[in-house]
Amino acid sequence: MSGEDFDVVVIGSGPGGGGCAWALARAGVRVLVLEAGPAYDYSSDYRLDREDWETSRFPLKEQAQGGYRIPRLQPLDPKWRSLRSWNALHGNVQGSAHRQGGSYWHVQGVGGSSLHFTGEAHRLHRESMKMRSRYGVGADWPFDYAELEPFYVRAERLLGVAGSGSSDARWRSRPYPLPAHALSYASRRLSTAFERNGLTLERNSLAILSKPSSRFPACNYCANCARGCPRGDKGTIDLRCIDPAVSTGRCTIRPLSRVIRLEPDGRDRIASVIYVDEKGVHRRVRGRAVVVACGAVQTPRLLLYSRGPAAPDGVANESGQVGRNFMETLFTIASGLHPEPLASYRGVPVDSVAWDFGAPDAIPGVIGGCRFSPGAAQAELLGPIAYATRLIGGWGHSHKARMRELFGHAVTVGAVGEWPANARSFVDLDPEEKDALGVPLARFHSHLEESDLDRLSFMMSKSRAVLEDSGVGEILEQFSSYDSVSATHVFGTCRMGVDARDSVVDGQCRSHRWRNLFVVDASVFPSTGGGEAPTLTIVALAIRAADHLRRLLRDRAL
Amino acid sequence: MKLTRRRFFNTTLATYLAVRSGRAFAAGSGMDFLSAREFGTLTAFVDTLIPADRYSPAASALGVPEAVVQSGKEDSDVERVIRAGCRWLDRSARSSGADGFAAVDEPGREAIVAAAAAGDARPLPKAFFRIVHQIAMRHYYAQTAAWSGLGYEGPPQPEGFMSFDRPPPSADR
């Protein structure tokens, strides 16, 4: 197996890997990006123009998912049964007495999970970065919001973020690059109900073009970001980071190239990276630096599997924290049918958000905030099939009549909340199950503490109250993390910190021990925030880490 | 958490099969597990679930019976339920003096379908109803011919919904 040499080898091409590759390539660094998944062609792979568009979700090609397993989870405490996931027509979504492993919704491919994200581009609440020192839970970020703010500016410009306004909690040194998207008619009709429940809807900040760019059109409000954007108006990492990086002539991207091991040397450096190419051939590649950006499930999997004599507990796991502090998505969704026709299948998926309870101390009696949004897209209630099979019961002539009467009336309130790290949520290597290459699957342990259930209860109660105040006669469907895992955002498994004894990387995303190893994805987050989508923060961290890495390369410090 | 089609099928089938686990069924023939008569019964059933009206055609005009058969070909448990369900429909019709379900008039078919939907404490008719109902609705409403009268401006692309911030256009409902 011969080796190749690059300045930097980046493993993964999602927001972390893509943001890093873009910043490095533009600065003159030679970058190889190894992506385990396939490439997607936005102009032909997303078939929202077909009449059967609703019958499938994001098109997962071969190798578009990383290997993981969710083992048996905690028993359900009946005192929280009001949080059960159910549908009025079909009953409980799952009938077990235990929380069930549903899915970790992700895309492994060029662009990563940005390919199916809804474009949300949030800055963290500055207080969420000080959870330990201010609130006594979790861990602090090793720097403050002011340090990250200039990189948020650059990330917003890179992704093309549309938004408006500013707040003290997420103060801004520059305006948004693009004007905010308008609220849909459906969201405007719900805004009064939100206000009556102490929630002020603000226009969401979105990596979705509100004006055409030199290359891509503005959004046409189809609400189906999650199925892949066929126009390029959504700020996906393949189009905003990888393509521009490649066009510098200094970045090579290799899809279907799965890294299976990091090879340390005897001098606290990663000497080389072993990957399996699309023909199944094992290859070795070297870089002066290695950036691991596979996400909070696959990054610890790779580091732990790379154990050997020089790293008996896994690479970068000297603290024992690789895989620990796993945080995933705390969510509630409630839906019903509004009395008025709204054509609620239109607009951007999440056009507005209420941050009134976003601060860590905003929810009475619970540490860790949350946010609320309207939008039927959150429950995938966007087409005739969803109405016919989930909302409108019955059959025959009366069913057809009700479909005509009620199609477009669906309203949903979704909430996402903070997930503080706990000892029983972690990622490790499955002792039994392996993939086709013989690598153990990542095993995804997810546990809710009592305070998380308190937070969920607050989120669900308020969401239902908003719906009922809006005129919805009956809640027809609800989902929550209480009884199922439905993870989109995952964090924490290689957390940043000042102290090498309880963190994996330092404030520059560099391994405390392995001098040329960086982790740049949401694994490094010490906290999740109060429901903020992580993509923008990951890209900001990536640009910041790339700047630091570039200086180290320039100074020959690696 | 998403209410996926696979989760729905698994739950419905598990309930039915748990009750029927002691019974042996003949293995499906694979390609044509329904006789011509049974296919006629299935067609009449789905056309009762989704009848024609002045807006849109009946289910059979949009290939729903074929879609149900295809689902049976892909899953032997579903195949068993479909075959058994068609036979139950015909038995129910014959108990009222008709030659079979397809020979019953619309009110009569509706009464039999209502009995299947209600379950009446017997797992087969309800499992058959639920599974075929799900397949029928998914297949039917995945076609533009079914959307007439809904006021739906889809599919989502290439036009999008540029009127998203205005009240929906009035539809001939």
Side-chain angles (χ1 to χ4, degrees), chain A residues 46-55 57 85 87 90-91 93-95 102-103 182-185 188 219-224 227 230-231 333 341-343 345-348 380 382-385 387-390 395-397 399-401 403-405 407-408 477 479-481 483-486, chain B residues 1-5 7-8 11-12 14-15 46-53 55-56 106 109-110 113-114 117 129-130 133-173:
Chain A
Y46 311 133
R47 302 310 308 273
L48 287 167
D49 56 335
R50 294 166 57 117
E51 62 178 353
D52 64 350
W53 66 273
E54 204 186 350
T55 59
R57 292 203 174 90
S85 299
N87 172 280
H90 304 297
V93 173
Q94 62 98 341
S103 278
L183 265 63
S184 68
Y185 177 74
R188 290 210 312 278
C219 180
N220 67 358
Y221 302 100
C222 79
N224 272 282
R227 286 182 161 88
R231 295 161 54 80
I333 296 174
L342 301 174
Y345 51 83
R346 308 175 296 169
V348 287
E380 294 183 47
L382 295 174
I385 293 176
Y387 281 74
T389 58
R390 288 163 57 191
W395 48 277
H397 291 285
H399 185 267
K400 285 186 111 176
M403 284 287 290
R404 289 190 291 271
E405 178 194 350
F407 182 73
E477 192 178 75
F479 300 115
S480 87
S481 308
D483 52 358
S484 301
V485 172
S486 186
Chain B
M1 173 55 131
K2 309 293 192 281
L3 191 66
T4 64
R5 180 167 178 244
R7 187 177 298 274
F8 174 86
T11 305
T12 303
T15 303
V46 299
D47 282 350
T48 310
L49 293 181
I50 309 175
D53 61 19
Y55 294 96
S56 48
E106 187 173 56
R109 282 187 275 115
E110 288 174 345
V113 172
F129 170 87
R130 293 190 76 204
H133 180 279
Q134 181 86 347
I135 297 168
M137 293 292 171
R138 282 185 62 86
H139 187 81
Y140 185 81
Y141 284 105
Q143 299 176 72
T144 55
W147 301 346
S148 177
L150 297 182
Y152 179 48
E153 303 159 280
Q157 294 292 345
E159 302 300 323
F161 303 117
M162 294 302 294
S163 63
F164 71 100
D165 56 346
R166 298 193 288 278
S170 59
D172 176 17
R173 301 187 181 195

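Naming convention: chains lettered A, B, ... in sequence-line order (proteins, then strands); numbering from 1 in each chain. What's counted below: heavy atoms across the whole structure, side chains too, no hydrogens, waters or symmetry copies. It should be emphasised that the depicted structure is a prediction, and the values quoted were computed from it without experimental measurement.
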Worksheet item: Considering only heavy atoms, which portion of A:R231 lies under 4.5 Å from any heavy atom of chain B: side chain, backbone, both, or neither?
Response: side chain
Response to the item:
Value for SG (A:C219) from CE (B:M162), rounded to nearest 0.5 Å, stands at 8.0 Å
Fill in: Which atoms of B:A52 approach chain A - backbone, side chain, both or neither, heavy atom under 4.5 Å
backbone
Discussion item. For the backbone of B:T144 and the side chain of A:E51, can you confirm whether one donor and one acceptor N or O come within less than 3.5 Å of each other?
Written reply: yes
Worksheet item: Should B:P168 and A:R346 count as side-chain neighbours, where that means a heavy-atom distance under 4.5 Å?
Response: yes
Practice prompt. Heavy atoms only: give me the nearest B:P158-A:N220 pair and the separation to one decimal.
Written response: O-ND2, 3.1 Å
Worksheet item: Can we call the ring centroids of B:Y141 and A:Y387 under 6.0 Å apart?
Response: no
Response to the item:
For B:D165 and A:L183, the nearest pair of non-hydrogen atoms, with its separation, is CB-O, 3.5 Å
Practice prompt. Taking the side chain as every heavy atom from C-beta outward, state whether A:V348 and B:F164 have any atom pair closer than 4.5 Å.
Written response: no
Worksheet item: Taking side chain as C-beta onward, heavy atoms only, is A:H397 less than 4.5 Å from B:E106?
Response: yes
Response to the item:
What one should report as the nearest heavy-atom pair of B:H133 and A:A388 is CE1-O, 4.2 Å
Discussion item. Please find the pair of heavy atoms, one from A:T55 and one from B:A142, that lie closest to each other, and give the distance.
Written reply: CG2-CB, 3.7 Å
Practice prompt. Starting at NZ of A:K400, measure out to OH of B:Y55 and round the result to the nearest 0.5 Å.
Written response: 11.0 Å
Worksheet item: Heavy-atom distance under 4.5 Å to chain B: side chain of A:H399, backbone, both or neither?
Response: side chain
Worksheet item: How are the rings of B:F161 and A:Y345 set relative to one another: parallel (under 30°), tilted (30 to 60°) or perpendicular (over 60°)?
Response: perpendicular
Response to the item:
Heaviest contributor of heavy-atom pairs below 4.5 Å to chain B, chosen from A:A343, A:P384, A:A401, is A:P384
Worksheet, complete the sentence: For A:T389 and B:M137, the nearest pair of non-hydrogen atoms, with its separation, is CG2-CB, 3.7 Å
Item to complete: Indicate the atoms forming the closest heavy-atom contact of B:P156 with A:N224, along with that distance.
Response: CG-ND2, 3.5 Å
Fill in: Steps toward side-chain contact (heavy atoms from CB on, under 4.5 Å) verdict (B:D53, A:R404)
CA-CA 12 Å; B:D53 61 19; A:R404 289 190 291 271; 2.9 Å; yes
Fill in: Nearest-0.5 Å distance, CD of residue B:E159 to CG of residue A:L48
13.0 Å
